[in-house]
Structure formats: C-alpha cells, structure tokens
Amino acid sequence: MKITVIEGPDSGAERSLESPGTYLIGRSADCELRLSDPETSRRHAAITLAPGRAIVDDQTSRNGTRVNEIRVQHAMLKDGDVIRLGGTHIQVDGLADAAPAPETTLRIADPSMRVLTSLNHRDADLVAGSRVAGPDADRENTMLRGVGEVSNILVSSVARQPLLRQVLDRMKALLDADSACVMLWDSDNDEWSFHAVSSSRHEGSPTVSVSRTIINQAVKDGMALLTDNPMADDRFDPSESIVRQKISSALCAPMTIEDELTGVICIDRRNRRDAFTPIDLRFTATVANILGVYLEKLRIQDDYIKQERLAAVGQVIAGLAHYAKNIITGLQLSVGAIQRMLKRETYDTMDTCVQAIATEEQRLTNLILDMLSYAKDREPLRMEMNINDVIAAVVRPFIQALCHQSIRLEQHLEPELPSLMAEKNALHRVVLNLFVNAMDALRDNQGRDKRICITTALSEDQTHIEITMWDSGCGVPKNETENIFGVFFSTKGSKGTGLGLAVSRKIIEEHGGTIDVESAEGEWTEFRISLPIELTG
C-alpha cells in the first residue's frame with residue numbers, strides 16, 4: 001500500500017506501507033509520514049494496516065480527519081480514497097494488491113472449539129447473500145423476513161425511543177436472546193451510554209449491562225463480532241464484565257455511515273449452551289447498517305430543526321417587541337394611576353390597578369418563559385411524577401375565575417394511572433398553556449354552554465398516558481389547524497404571542513410524546529397529548 005500527498009505544502013511526498021502495523025501522520029518528528037502543513041496536528045491521524053484492509057483513525061486532531069470530504073473518527077480505506085488532514089490531501093493506492101481479507105474469520109481459541117467470528121459491515125447485506133435452498137434456508141428466510149419487519153417499524157410514526165425499543169424487542173425474539181441494546185458514544189463523559197434497551201429483566205433488574213471489552217474490540221476493528229464463550233478468546237479480558245455477567249454468547253455490530261461510527265448494537269445470551277450462528281451475525285450486522293442510516297437521518301433532521309428554531313427566535317424577538325411594549329405601557333398606566341391616588345389619598349380604584357399590574361406582570365413572565373423554552377434545546381430533567389397531580393396544580397388557582405366567567409369544568413382523571421418519568425415543571429407549562437387557551441376561547445362565548453373537559457387515561461396497549469383538553473369555545477378554522485403549532489400563529493390577535501403552542505409541542509416532543517389538535521370552527525376544540533410511560537436511554 002502507498003500513500004501520496006497530492007495537495008498541500010508537502011505535495012509529492014509519499015510513503016510505502018508494507019508491514020502490518022500502525023503508521024502515524026502529522027507534524028511530529030516521530031510520525032512515519034511527517035507533514036509541514038500548519039493546519040495539521042502533531043499527531044493528526046493513524047493508519048492501521050492489516051492483511052486485506054487499512055483503517056484510518058483520527059488522533060483527536062484540532063481540525064479533524066476527512067475521507068473523501070466526509071469527517072470521520074474511524075474509517076475503512078479503499079484504493080483511490082483521499083484523506084484530508086487540514087490543508088493536506090493524501091491519496092491511498094495499492095491496497096487491492098495486498099492479501100485479501102476473508103469475508104468471515106473463524107478464530108479457534110482453544111481445543112474446546114470456542115470460536116470468534118467477525119464480519120465487515122460492508123459485507124453484511126443479508127438480502128444480497130440470501131439463499132433459496134440449503135440446510136440453513138429456513139433460518140435465513142426467517143432472518144430475511146425479520147429485516148423487512150425492522151424496516152417497517154422504522155418507517156412508522158412512533159417516537160424515537162419506543163421505536164428503537166420495538167426494533168430491539170423484535171431482534172431479541174428472532175435471535176432467542178436474553179438482552180439487546182443500542183449504545184451511543186457520549187463524548188461529554190467519554191464513555192458508551194445506553195440509548196435503547198430490551199431486556200428479559202433477570203432477577204428484577206430494569207436495565208442491561210454489556211461487555212465494554214466486546215464493544216471496544218468491535219469498534220477498534222470496525223467489524224461485527226460473534227462470540228461463543230467470550231472468556232475463551234484472548235482478545236477479551238477475563239477480569240472484565242463478561243465474567244461477572246456470565247455471557248455465553250454475544251453479538252456486537254457497529255452502526256456506521258460511510259465507515260463513520262454512529263453507535264453499536266449489542267445482543268447476548270447468558271448461562272446457556274447454544275451459541276449464536278453466522279446467520280445471526282449477518283442479520284444483526286444488516287440491521288445495524290439500517291439503524292445507522294436511520295439515526296443519521298434523525299441527526300440531520302434535528303440539526304435542521306435547531307437551525308430553523310434559531311432563525312425563528314430572531315424573528316420572534318423582532319415580532320414580540322410591540323407585544324412587550326404594550327405590556328410595559330399597561331404597567332406604566334397602572335403605576336401612574338396608583339401614584340395619583342396616593343397623592344390625592346383616594347383609593348377607590350386601587351384594587352383594579354393592582355389587579356391590572358398583576359395581570360401584566362404574569363403576561364410578561366409568560367413571554368420570557370416561552371422565549372427561554374423555545375430557544376433552548378435541552379433534555380428534560382426527568383423524575384417520577386403523576387400527571388393528575390400536575391393537572392390539579394394547574395386548575396386550582398383558576399377556580400374563582402371559572403365561576404366568575406360561568407365556565408363549567410369537568411375532570412375525568414383515571415385514578416390508577418402509572419407514574420411518568422418526566423419533568424414536572426415542563427409538563428405543568430404545557431397543561432397551563434392549553435388550559436388558559438381554553439378559557440380564552442370561551443371568554444366571548446356569550447349565551448352558550450361554556451365548558452372545559454380534561455381527561456386522562458391509559459392507552460389501549462398500556463404504553464402511553466393520554467391527556468385531552470376539550471372546550472366548547474370558538475374553535476379553529478379548518479385551514480388553520482395545520483399551522484396552529486407554528487411560531488407567530490395566534491387566534492387571540494394582539495393578546496397572543498404565538499409562542500405558547502409552539503413551546504408546548506417542543507416540550508412534548510422532548511419527552512418522546514406527541515400532541516395533536518382537532519376542532520370544529522365555532523363549536524369546539526380538543527388537544528390530545530400522548531406521553532410514553534417508560535423512557536430508556
């Protein structure tokens with residue numbers, strides 16, 4: 001294999017890499033390919049050469065490492081690839097002339113025939129490799145149908161966490177496994193973290209532990225691994241978690257996009273004689289590829305939403321300047337009236353002025369809180385809570401106002417609801433927004449039944465808590481229901497900020513739930529919230 005600098009200060013420099021090993025590239029004197037490019041780090045990247053393959057790893061460089069203009073941390077190389085380090089472009093050639101690596105590698109660890117099998121993710125296409133006959137045809141066809149089932153799950157509209165858990169549940173059932181999980185790299189804490197888990201919950205444990213030894217080996221080699229009794233293979237440290245967990249067979253497949261690692265799938269069997277098979281490995285690696293694409297799509301969507309939200313915040317700041325000015329004007333007028341009353345020592349309208357100040361202060365507080373909630377991308381601070389308690393806390397301060405406005409409140413709250421793992425203050429804000437909107441919709445509803453109905457219930461599959469907020473108010477025009485959760489949209493005219501429902505939807509989605517609206521113009525409106533009971537990851 002040969003690497004050649006084709007662009008940059010060291011253009012024309014080249015180096016032949018013939019012996020298996022690791023070769024450093026950068027500005028340091030101990031690098032096998034030393035560069036003078038000031039945009040490269042002292043030890044910028046390393047190429048690891050093995051029979052039939054070469055892998056490039058970024059060495060926590062300042063400007064990153066790119067392969068064919070895609071930023072990577074760990075990537076498999078092929079002939080013609082161009083590695084960019086800062087302003088230096090290096091071309092890879094001659095890799096195809098090296099001894100080819102086998103599609104699968106069998107590793108005999110000791111005379112008891114304990115085997116480790118690995119598979120490159122590029123070769124993990126179960127569909128292309130399927131057979132229609134042979135001793136393993138039935139098993140392979142079952143796994144092929146499983147790939148289709150996983151694909152169907154991923155195109156559903158279920159929230160991210162429950163969806164991934166459904167995928168893992170299906171994989172665990174097909175593979176007759178004890179536990180399965182998706183893990184992502186947590187760069188803040190420099191460790192692997194659980195993103196979704198499906199476990200048999202042995203001995204009452206609600207989570208699953210995995211062998212970091214196996215994960216690290218799969219990530220290091222860029223290969224999907226099948227282990228039969230991992231303790232027997234010399235790659236794995238017998239003092240590590242595989243011993244404590246008594247894992248008898250395990251599958252670990254990296255999820256990659258263009259050879260860039262996004263996470264891993266880990267599946268295991270415990271305390272059992274039968275091990276996973278190479279077909280199980282190909283199925284797991286195929287699903288890992290599909291999940292890698294899915295998670296990358298979500299990442300791109302999230303980045304777009306963040307950019308859209310930041311742009312909207314700038315517009316909101318300009319658009320709400322007039323609204324804030326009206327609030328301040330109301331405060332100034334009330335304060336001026338009180339000052340005149342104090343000067344004249346006549347207090348006949350003092351209560352009215354104080355109430356006006358309190359109202360305007362609450363409007364200003366709501367505006368600031370909505371702005372902060374909408375602008376900041378955050379993970380909810382979850383704790384165990386009961387949604388019925390949140391609803392009671394929202395309604396309690398409005399009891400007198402409901403009587404004064406002749407609004408009838410009906411509450412049908414399921415008393416046996418399970419607890420939610422959610423941020424109490426955030427959900428309080430959502431319920432408050434919807435409740436205040438319902439009261440505002442009934443304010444001018446003269447001569448008609450004025451009613452608000454709040455309902456909580458457990459979903460039919462008992463995985464979600466469903467909350468509805470119904471009012472007999474003015475409703476929303478049919479052509480506007482699609483825009484009701486958008487920034488600036490308001491049916492209250494100058495009295496509304498156009499932020500409340502946008503913030504509510506953001507909070508619900510941060511909790512992995514959904515919020516929808518249905519309305520009949522001039523008759524009624526109903527908001528429906530669905531929140532998952534259990535979130536893993």
Side-chain angles (χ1 to χ4, degrees), residues 50 52-53 55 72 74-76 78 100-107 115-131 136 139-154 164 167-177 179-185 192 195-196 198 210-211 213-228 230 233 235 247 249-269 275-297:
R53 71 175 190 271
I55 299 170
V72 300
H74 175 93
M76 194 82 69
K78 61 182 183 299
E103 178 179 343
T104 58
T105 302
L106 300 180
R107 182 184 179 90
V115 176
L116 175 69
T117 303
S118 59
L119 176 66
N120 190 303
H121 79 92
R122 292 180 181 273
D123 302 320
D125 190 349
L126 185 67
V127 178
S130 61
R131 299 184 294 272
D136 296 322
R139 180 64 174 167
E140 195 161 282
N141 287 333
T142 298
M143 291 300 158
L144 186 58
R145 287 193 298 271
V147 171
E149 293 170 3
V150 167
S151 299
N152 289 335
I153 292 172
L154 291 176
L164 287 176
V167 169
L168 294 176
D169 287 343
R170 189 64 195 130
M171 293 182 70
K172 189 158 64 72
L174 286 166
L175 295 168
D176 188 25
S179 64
C181 67
V182 170
M183 300 191 74
L184 303 181
W185 181 252
W192 290 98
H195 191 64
S198 175
V210 297
S211 169
T213 299
I214 298 175
I215 293 174
N216 292 338
Q217 189 63 50
V219 170
K220 178 182 177 182
D221 291 347
M223 308 286 277
L225 298 181
L226 159 60
T227 69
D228 176 8
D233 192 274
R235 292 189 183 192
I247 297 174
S249 188
L251 297 165
C252 184
M255 297 184 295
T256 55
I257 296 292
E258 296 294 333
D259 290 317
E260 183 173 3
L261 180 71
T262 60
V264 292
I265 295 179
C266 297
I267 299 174
D268 68 49
R269 290 174 180 169
F276 293 115
T277 68
I279 292 178
D280 298 336
L281 176 66
R282 292 178 62 198
F283 168 71
T284 303
T286 301
V287 174
N289 285 343
I290 295 172
L291 277 182
V293 173
Y294 169 75
L295 291 176
E296 179 68 8
K297 183 194 76 170

**Prompt:** Which heavy-atom pair separates L291 from V182 by the least distance, and what is that distance?
**Reply:** CD1-CG2, 4.1 Å
**Message:** Any non-hydrogen side-chain atom of V293 less than 4.5 Å from a side-chain atom of E296?
**Reply:** no
**Message:** Would you say that I290 contacts V147 through its side chain, given a criterion of any heavy-atom pair below 4.5 Å between the two side chains?
**Reply:** yes
**Prompt:** Going from SG on C266 to CG on L168, what distance comes out if it is rounded to the nearest 0.5 angstrom?
**Reply:** 10.0 Å
**Request:** Decide yes or no on side chain to side chain contact (heavy atoms under 4.5 Å, CB included) for I265 and M171, but give the supporting numbers first.
**Result:** CA-CA 10 Å; I265 295 179; M171 293 182 70; 4.3 Å; yes
**Prompt:** Can you tell me how far CD1 of I279 sits from CG of L144, rounded to the nearest 0.5 angstrom?
**Reply:** 11.0 Å
**Asked** Once you round to the nearest 0.5 Å, how far does CZ of F283 lie from CG of L174?
**Response** 5.0 Å
**Complete:** Interatomic distance, CZ@R269 vs NZ@K172, rounded to 0.5 Å, equals 12.0 Å
**Message:** For the CG atom of D268 and the CG atom of L175, what is their distance to the nearest 0.5 Å?
**Reply:** 11.0 Å
**Message:** Looking at every heavy atom in both S249 and L226, which two are closest together, and how far apart are they?
**Reply:** OG-CD1, 4.1 Å
**Message:** On a heavy-atom basis, which atom in A288 and which in P254 lie closest, and how many Å separate them?
**Reply:** CB-O, 3.6 Å
**Request:** Before giving the answer on side chain to side chain contact (heavy atoms under 4.5 Å, CB included), spell out for I267 and D280 the whole-Å C-alpha distance, their side-chain angles and the decisive distance to 0.1 Å.
**Result:** CA-CA 10 Å; I267 299 174; D280 298 336; over 6 Å; no
**Prompt:** Which atom pair, heavy atoms only, marks the closest approach of V264 to M255?
**Reply:** N-CE, 3.6 Å
**Asked** How long is the gap from CG on L225 to OG1 on T284, to the nearest 0.5 Å?
**Response** 11.5 Å
